Amino acid sequence: MGVANNMVLSIRPQGLALARIPIQCHQNITSKIPLKSQKTHSMPPEKKEVFKSLDKWAVQGLLPLIKPVEESWQPHDLLPDSSLPADEFFDQVKALKDRTAELPDDYLVVLVGGMITEEALPTYQTWVNGLDGVEDETGSSLTPWAIWTRSWTAEENRHGDLLKTYLYLSGRVDMHMIEKTIHYLIGAGMDLGTENNPYMGFVYTSFQERATFVTHGNLARMAKERGDFTLARICGTIAADEKRHENAYVKIIEKLLEVDPTETMTAIENMMRHKITMPAHLMQDGQDSRLFDHYSTVAQRMGVYTTNDYADILDFLIGRWKLEKLEGLTSEGKRAQEFVCGLAPRIRKLQERLDERTSKINHKFTWVFNKEVSF
């Protein structure tokens, strides 16, 4: 999971109510967080049997995508080696600080936002374990779905650890404000509109992992252009993980389209009508209640993750899942197919109109010591 732009597709279907729910924080600060009307456990009970029937497939098609721990990278492999004598370790830290001294503040804002998103991993595992039919009922269940979720979480956990330590050593960011943002975000959770439905849940993860792959890949390219080859390697390594995770979730939807095409097609439509809400959309730092909007706009302006990327991901998934050629659908499934397959051009046209009306503004980010960033 990771950074992606909340600007994309702010269209909401008619009839979807919004509630502004006051949340009393323990600091006696009341914040109003906009949440969609929440619907839970909407999937018919018999659909759980679909996932039980796929257990053997998951063992053969899903679990091999887990990388063995002994073959996996760890954050320490890409950071200054603290086990070295002090002078050698400090030399490595100084070299890191020298490299990051040239990184512009807008780049740091996007990198920090991506790191904070990765650090909210407890929320993501909790959410996946709330999906009906694939949950880890005991915390150590031996079903293939539970094994996958725990292994995915373990692999993802390294991303935030690595980026957070790198940024801490750089001295370029305000770690206290960053840690407050993480604290707020995990406490707020997320509201994705997936209704405990694994069909919709795995559509979401397919899209989101692809978005994170794109984002970290662009951050890697930009770090290299700015002369920080170590950071480029870090972001590229994370991007490779996200690509492998994307492949896993995309394969799940491929299989569901094979065994239950209409239910899966309507789940894709449902998620795309409501838009893919990014996992850190409730981000705030105690001062800026629209922090995620501001951060994601910087990402859009920099070209790290844009509305065109959103449309490209949709086009990619339509092609990968062969949605335009999908057969065996009911009339409801055919309507969903028509909507989804025609959506990407509408997204691009919408963004073109927004770009024409948008003017540049400056905004102070606490993450970079209240420096102004233009977007």
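Note that this is a predicted model, so its numbers are computed, not measured.
A donor-acceptor pair under 3.5 Å is absent between the side-chain atoms of H245 and the main chain of W152, judged by distance alone. With hydrogens and angles ignored, the 3.5 Å screen pairs no side-chain donor or acceptor of N370 with any backbone N or O of K364. Between the side chain of W321 and the main chain of V250, a donor-acceptor pair closer than 3.5 Å is present. Without hydrogens or angle criteria, T264 side chain to L256 main chain gives a donor-acceptor distance under 3.5 Å. The closest donor-acceptor contact from the side chain of Q337 to the backbone of L326 lies under 3.5 Å. S141 places no side-chain N or O within 3.5 Å of a backbone atom of E137 that could act as its donor or acceptor partner. Side chain of E246 to backbone of F213: no donor-acceptor contact under 3.5 angstrom is found. Checking side-chain atoms of T149 against main-chain N and O of A146 turns up no donor-acceptor pair under 3.5 Å. The backbone N or O of G286 sits less than 3.5 Å from a side-chain atom of Q284, completing a donor-acceptor pair. Between the side chain of T266 and the backbone N or O of E263 there is at least one donor-acceptor pair closer than 3.5 Å.
For the pair R210 and L317, the minimum side-chain heavy-atom distance is 4.5 Å or more. Taking the side chain as every heavy atom from C-beta outward, Y107 and L231 approach each other to under 4.5 Å. Side-chain atoms of S53 and V259, non-hydrogen and from C-beta on, never get closer than 4.5 Å to each other. Using a 4.5 Å heavy-atom threshold, the side chains of T307 and Q300 count as touching.
Residues passing the salt bridge (Lys or Arg N to Asp or Glu O under 4.0 Å) test with K52, sequence neighbours excluded: E49. Remark: D98 pairs with K94 by the salt bridge (Lys or Arg N to Asp or Glu O under 4.0 Å) rule, at least two apart or across chains. Under the salt bridge (Lys or Arg N to Asp or Glu O under 4.0 Å) criterion, R335 pairs with no residue, sequence neighbours left out. Residues satisfying the side chain to side chain donor-acceptor pair (under 3.5 Å) test with E258, not counting sequence neighbours, are K255. In this structure, R226 has no salt bridge (Lys or Arg N to Asp or Glu O under 4.0 Å) partners at least two apart in sequence or on a different chain.
A salt bridge links R348 to D315: one of the charged nitrogens lies within less than 4.0 Å of a carboxylate oxygen. The pair E269-R273 counts as a salt bridge, with a side-chain nitrogen and a carboxylate oxygen less than 4.0 angstrom apart. A salt bridge links D241 to R158: at least one charged side-chain nitrogen sits closer than 4.0 Å to a carboxylate oxygen. Ionic pairing of D105 and R172 is present here: one or more N-O contacts between side-chain nitrogen and carboxylate oxygen are shorter than 4.0 angstrom. Salt-bridge check for E118 with K164: failed, with every basic side-chain N at 4.0 Å or more from each acidic carboxylate O.
Ring geometry for F365 against H363 counts as perpendicular: the plane angle is over 60°, on a 0 to 90° scale with 30° as the lower cut. Between W73 and H159, the ring planes lie parallel to each other; the angle is under 30°, not in the 30° to 60° tilted range.
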Candidate pair F207 and Y310, rule ring-ring contact (aromatic ring centres under 6.0 Å, His included), full reasoning: CA-CA 9 Å; F207 195 103; Y310 186 101; 4.8 Å; yes
Check against side chain to side chain contact (heavy atoms under 4.5 Å, CB included), L78 and T230: CA-CA 8 Å; L78 298 164; T230 300; 5.7 Å; no
Derivation of the side chain to side chain contact (heavy atoms under 4.5 Å, CB included) call for L65 and N247: CA-CA 8 Å; L65 292 172; N247 190 38; 4.0 Å; yes
Check against salt bridge (Lys or Arg N to Asp or Glu O under 4.0 Å), R244 and E209: CA-CA 9 Å; R244 181 163 43 85; E209 295 287 1; over 6 Å; no
Worked verdict on W57 versus I252 for side chain to side chain contact (heavy atoms under 4.5 Å, CB included): CA-CA 9 Å; W57 171 86; I252 293 173; 4.0 Å; yes
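Listed by first and then second residue, the salt bridge (charged side-chain N to carboxylate O under 4.0 Å, His left out) pairs involving residues 61-79 amount to none (not counting sequence neighbours).
Expressed to the nearest 0.5 Å, how far CD1 of I253 lies from OH of Y204 amounts to 14.0 Å. For the atom pair CD (E195) and CE (M271), the distance works out to 9.0 Å, reported to the nearest 0.5 Å. Of the inter-residue distances, the one linking I318 atom CD1 with K325 atom NZ reads 13.5 Å to the nearest 0.5 angstrom. Here D285 contributes atom CG and I182 contributes atom CD1; the two are 12.0 Å apart, rounded to the nearest 0.5 Å. In this structure, the separation between OG1 on T205 and CG on L131 is 8.5 Å, given to the nearest 0.5 Å. In this structure, Y184 OH and S289 OG are separated by 11.0 Å, a value rounded to the nearest 0.5 Å.
Side-chain N/O atoms of W127 and T194 include a donor and acceptor closer than 3.5 Å. Inspection of the D136 and W145 side chains reveals no N or O donor paired with an N or O acceptor under 3.5 Å. Between the side chains of T212 and Q208, at least one donor N or O lies within less than 3.5 Å of an accepting N or O. One side chain, Y249 or W148, offers a donor N or O that lies under 3.5 Å from an acceptor on the other. Residues Y199 and N270 have side chains that never bring a donor and an acceptor to within less than 3.5 angstrom of each other. N308 and T306 share no donor-acceptor pair across their side chains, judged by distance under 3.5 Å alone. Between the side chains of H183 and E119, no donor-acceptor pair of N or O atoms lies under 3.5 Å. Checking R150 against N129 by side-chain atom types alone, no donor-acceptor pair falls below 3.5 Å.
Here the shortest heavy-atom pairing between K371 and V368 reads CG-O, 3.1 Å.
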